Protein chains: 2
Amino acid sequence: MTQKKSSFQDIRDTVMARIQSRHWPPGSLLPTEVELAEEFGCARATVNRALRELADQGVVDRKRKSGTRVNAAPVKQAVFEIAVVRQSVEEMNAAYRYSLVKRTVITAPAWLRARIGVKDEAQVLHLNCMHYADNRPFQFEERWINIAAVPDVIDVDLSETGPNEWLLSQVPFSNAELTSTAIAAGETLSEFLDVPQGAPLFQMERTTWFQGTPVTFVRMTFHQGYQMRTRY
Amino acid sequence: MTQKKSSFQDIRDTVMARIQSRHWPPGSLLPTEVELAEEFGCARATVNRALRELADQGVVDRKRKSGTRVNAAPVKQAVFEIAVVRQSVEEMNAAYRYSLVKRTVITAPAWLRARIGVKDEAQVLHLNCMHYADNRPFQFEERWINIAAVPDVIDVDLSETGPNEWLLSQVPFSNAELTSTAIAAGETLSEFLDVPQGAPLFQMERTTWFQGTPVTFVRMTFHQGYQMRTRY
DNA sequence: AAAGCTATTATGTCTAGACATAAGGATAAT
DNA sequence: ATTATCCTTATGTCTAGACATAATAGCTTT
């Protein structure tokens, strides 16, 4: 059953189709790379690449000596893009406006030290910002920046562009931890976002590290009715 | 400057380190695969794999003839696992309990037809379920299943295991669209989740397709204070 | 029955070389 | 000046063969 014209993509797709059609049901063992290479009339390396991509996707599990098995309980994972506020506003075809509400330098309070792991006397820049879409409140941003990690932040003018965009240009490759939750609007949020007190709001918190040192912690609260979208 | 002992992972990490250290700043052009292969004393295919992984991560952009460039505005993307409720409860070391609240077969209402794209007379199975962690409300689930897509669902006993687990075993490889938002508890939710009316709740909606045909739409509302976590 | 050793096996990685392909650049024709 | 054509170049993919490595299965010893 040797076929012709088999790129690694063809093989990947063919194997995927056979899995979806239950020709190889969940939990079952696939033929070996050598056998598949024979069937598809190609080198083993080509089959290897095809199966490796399926393994990366979580569709199959591969183990030396055991072989390749259809994942019975594939870990579904969704990717969502960490959008810069400006971008997501502009993608809605709305006019973006940014405003710096407050800017102070403080010693990191205990809860912040515990959360991001900085030293006792660490100085942080505390910012409050508002983001608008067509002049309607879009997001209230409260942010703390570890000055030791990005000393330049002290001298940057943040009245025109948001701190997120500046930080991205400074620390483009970072890790982060992210939590989303629903909260009730308190006094401050109800004023800035123009909603009744107690209104349900979508809130995201993010802590960012660069090469192991904490850079920033940000709490973003969105306007009422905001939806975060993603697909997989 | 030829080195020794260079696996594709070493190369990937070394290149990444040079990018992070701004040896190759954002927007700049990397050496060609041939040049890097020479430097690292390995075959071009090895360099290719290393750079391909960085391209998959979004760290660099690659174009034929143009070469490999450090991505100036890397698209940050976070991956979160679509957890099965049972799993996330058990990971908290809490006892999981499930209960089927309501089960009816209906003709798809207009809003559902519009949302998932089924025919006018489509029959759907409408379910209400509750998930508990240590006997405290964890999630209220309201689900609609397109019977035409999974006819067997009619005869399945859903009083013991949740519909999600059964569907996963039937349709393990599907696409989905997912939205998260914050809502205020209405009468039903306040009763089932044991919160005051108006309490802010985290809600997720998911539409699932299998090979182009809509399978299910589910609205999951979590207990007050629930946080969705993810890292990247 | 339990523990330790060994051979086997399927995947993981690498190499050197080849051809394919997209895209930029230069040149020639309009 | 504009358009068409060809050449060059860097990445994209593939091959055949090699060695590395993890994990299983079978065998031996205790």
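Proteins get letters first, then strands, A, B, ... in listed order; numbering begins at 1 in each. Remember, it's a predicted structure, so these values are computed and weren't measured experimentally.
- When distances are taken from the side chain of B/R44 to each of C/dC14, D/dT15, D/dT13, the shortest belongs to D/dT13.
- Straight-line distance from the CZ atom of A/F40 to the P atom of D/dA16: 16 Å, rounded to whole Å.
- Dashed line: the shortest gap from a side-chain N or O of B/T68 to OP1 or OP2 of D/dT11 is under 4.0 Å.
- A/R22 CZ: more than 12 foreign heavy atoms inside a 6.0 Å radius.
- Following rounding to the nearest Å, B/K63 (NZ) and C/dA20 (C1') show an atom-to-atom distance of 19 Å.
- Separation of the B/Y98 and B/H131 ring centroids falls under the 6.0 Å cut-off.
- Qualifying ring-ring contact (aromatic ring centres under 6.0 Å, His included) partners for B/W144, counting only residues two or more places apart in sequence or in other chains: B/W111, B/H126, B/F217.
- Nearest to the side chain of A/Q9, among D/dC14, D/dG12, D/dT13, sits D/dT13.
- Judged by closest nucleotide on DNA chain D, A/R49 is the one of A/S66 and A/R49 placed further toward the 5' end.
- Nucleotide D/dG12 holds its C1' atom 8 Å from the CD atom of B/E33, rounded to whole Å.
- Of the candidate nucleotides D/dA16, D/dA22, D/dT11, D/dA16 has the atom nearest to the side chain of A/A43.
- Put simply, CG on B/L51 is 12 Å from C1' on D/dG12, counting in whole angstrom units.
- Nucleic acid contact class of B/E35 (heavy atoms, under 4.0 Å, all strands): none.
- Rounded to an integer number of Å, the gap from B/R12 CZ to C/dT13 C1' is 13 Å.
- One can place NZ of A/K65 at 8 Å from C1' of C/dA10, the figure rounded to the nearest angstrom.
- Side-chain contact of B/R69 with B/S28: a donor-acceptor pair under 3.5 Å is absent, judged by distance alone.
- Between A/R62 and C/dT11 there is a side-chain N or O to OP1 or OP2 distance below 4.0 Å.
- Using a 4.0 Å cut-off between charged side-chain N and carboxylate O, B/R206 and B/E141 make no salt bridge.
- One atom, CG of B/D10, and another, C1' of C/dT13, lie 12 Å apart when rounded to the nearest Å.
- Taking every side-chain heavy atom of A/T46 into account, D/dC14 is the closest of D/dA16, D/dC14, D/dG12.
- Remark: P of D/dA20 and CZ of B/F8 are 18 Å apart, rounded to the nearest angstrom.
- The phosphate of C/dG12 (OP1 or OP2) has no side-chain N or O of A/R52 nearer than 4.0 angstrom.
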